[in-house]
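Down below is the structure, laid out as structure tokens.
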Amino acid sequence: MKRFEELTSLEQVLLLGFIPILGATSSLGAALAAAVIGVLSAVLVWLAARLIPASVGNTTRWGTLVALGIGLSYGLSLSAAYLVPLPAAALVYLYLAGATPLVYFGAGSACTVRQCSLLLLRYVAVVLAFGVVREALGNGTLLGVDLWQPGVIPAGILASGTGALLLFAGVAFVSHMRADLKASRARENQA
Amino acid sequence: MNDNLQLLLEFALTRNVVFILMFGALVPIAADLTVRRSLSAGLKHGFVLALAGVIGSALLSLFPDQIAFLSPVAVMVVAISAAAALHGWGELGGEWAGVPRWLLAVAPVAGLQLHFWITDLSGLDAVLAAFGAGVGYYFGIVMVVATIEQIRIAEAPLHAKRLGTLFFAIAIFALGFSGFQFL
């Protein structure tokens with residue numbers, strides 16, 4: 001596997017936001033909550049990281065930030081459960097959004113404001129796209145509204161965790177294949 | 001089958017932390033290991049996860065119902081301590097994506113305890129489930145590291161040697177693990 005810096009932007013988002021992307025996208029409502037919780041937690045942790053002086057030491061700094069991140073995602077998930085209908089299984093993954101590296105990426109050393117903003121935008125796009133595909137194809141609904149004609153059986157596996165992994169793998173595989181084909185076509189044109 | 005053995009096996013296989021519950025991005029942890037090294041590193045990770053599960057479930061049971069919503073504070077403290085313990089044990093040093101690598105261990109440890117909390121597992125059940133999860137985590141680490149090594153040496157086009165293929169393999173493992181039936 002390549003180093004993080006050498007991964008494509010899609011791979012970076014998939015790895016950084018692994019937990020909410022896989023666990024909290026079985027419905028569009030949960031995906032919306034995952035997007036809001038992920039972005040809000042990341043921005044607040046990023047702001048907190050700017051406020052913590054370097055003199056406190058690395059362990060204290062990161063320990064404080066992790067506690068803040070998990071606390072924020074837990075609090076925001078509890079609030080989201082009152083606003084959006086969330087599947088029970090998605091809730092634990094929303095609580096855990098604060099333990100994903102995505103939330104701390106901005107506080108780390110490898111990120112400028114522009115990079116972080118782009119990453120968060122990509123994360124929102126990926127989470128919502130997963131939510132739409134998984135709910136529409138896995139449950140046959142979108143935000144609880146039936147989409148298909150009666151008698152059409154949805155692909156239930158997509159609503160499960162394994163289905164999410166298969167979708168996750170498919171997205172990564174197709175994106176690599178596209179990039180590979182584009183690069184080989186460019187090489188042929190040069191030759 | 002004995003109920004206790006069933007619970008242990010369920011958490012090692014059908015409720016595997018890596019392949020079924022998917023708590024935590026194991027790939028960045030595994031990508032830094034070789035199969036030989038994963039055999040010992042996996043033991044440390046599995047043991048810390050199991051011990052954190054036991055301590056976490058014991059702490060969670062101390063919260064009375066009126067303040068049960070504060071239970072995740074215990075989860076947070078145990079998860080950060082477990083990650084620090086792994087770091088102190090010589091694992092997860094350095095940085096990944098600009099953040100300390102030990103941070104990657106917080107999600108599986110916290111996730112397992114939250115799962116116990118939500119499914120209301122406590123006492124001996126939680127101890128057995130925690131050690132089952134530790135065994136499952138060990139399997140997970142070794143299997144993902146072995147898969148990464150196989151992909152690395154495979155004679156395949158470049159796009160088939162990247163993350164997509166690894167996640168297809170993890171999904172196939174997940175399908176296999178979820179298919180176990182304990183009677």
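Below, chains carry the letters A, B, ... as their sequence lines are ordered, and counting in each starts from 1.
A donor-acceptor pair shorter than 3.5 Å can be found between the side chains of A:E135 and A:T141. Counting only N and O atoms by type, the side chains of A:R134 and A:T25 include a donor and acceptor under 3.5 Å apart.
In summary, the aromatic rings of B:H45 and B:Y138 are positioned with their centroids too far apart to meet the 6.0 Å limit.
Only the side chain of A:Y74 comes within contact range of chain B, with heavy atoms under 4.5 Å apart. For a residue to count as touching a neighbouring chain, one of its non-hydrogen atoms must lie under 4.5 Å from one of that chain's; by this rule B:H87 does not touch chain A. With a threshold of 4.5 angstrom between heavy atoms, A:F18 approaches chain B through side-chain atoms but not through N, CA, C or O. Using a 4.5 Å cut-off between heavy atoms, B:L175 contacts chain A through both its backbone and its side chain. Looking at B:A79, there are no atoms closer than 4.5 Å to chain A (heavy atoms on both sides), in backbone or side chain. With a 4.5 angstrom heavy-atom cutoff, B:I170 touches chain A via backbone and side-chain atoms both. Of the atoms belonging to A:I157, it is side-chain heavy atoms, and not backbone ones, that fall under 4.5 Å from chain B. Residue A:S175: no heavy atom, backbone or side chain, is found under 4.5 Å from chain B.
A donor-acceptor pair under 3.5 Å is absent between the side-chain atoms of B:K44 and the main chain of B:E91, judged by distance alone.
Between B:V17 and B:F11, the closest side-chain pair of non-hydrogen atoms is not below 4.5 Å.
Atom OG1 of residue A:T162 and atom CG of residue A:L167 lie 12.5 Å apart, to the nearest 0.5 angstrom.
In terms of heavy-atom pairs under 4.5 angstrom with chain B, the leader among A:L96, A:I70, A:L181 is A:L96.
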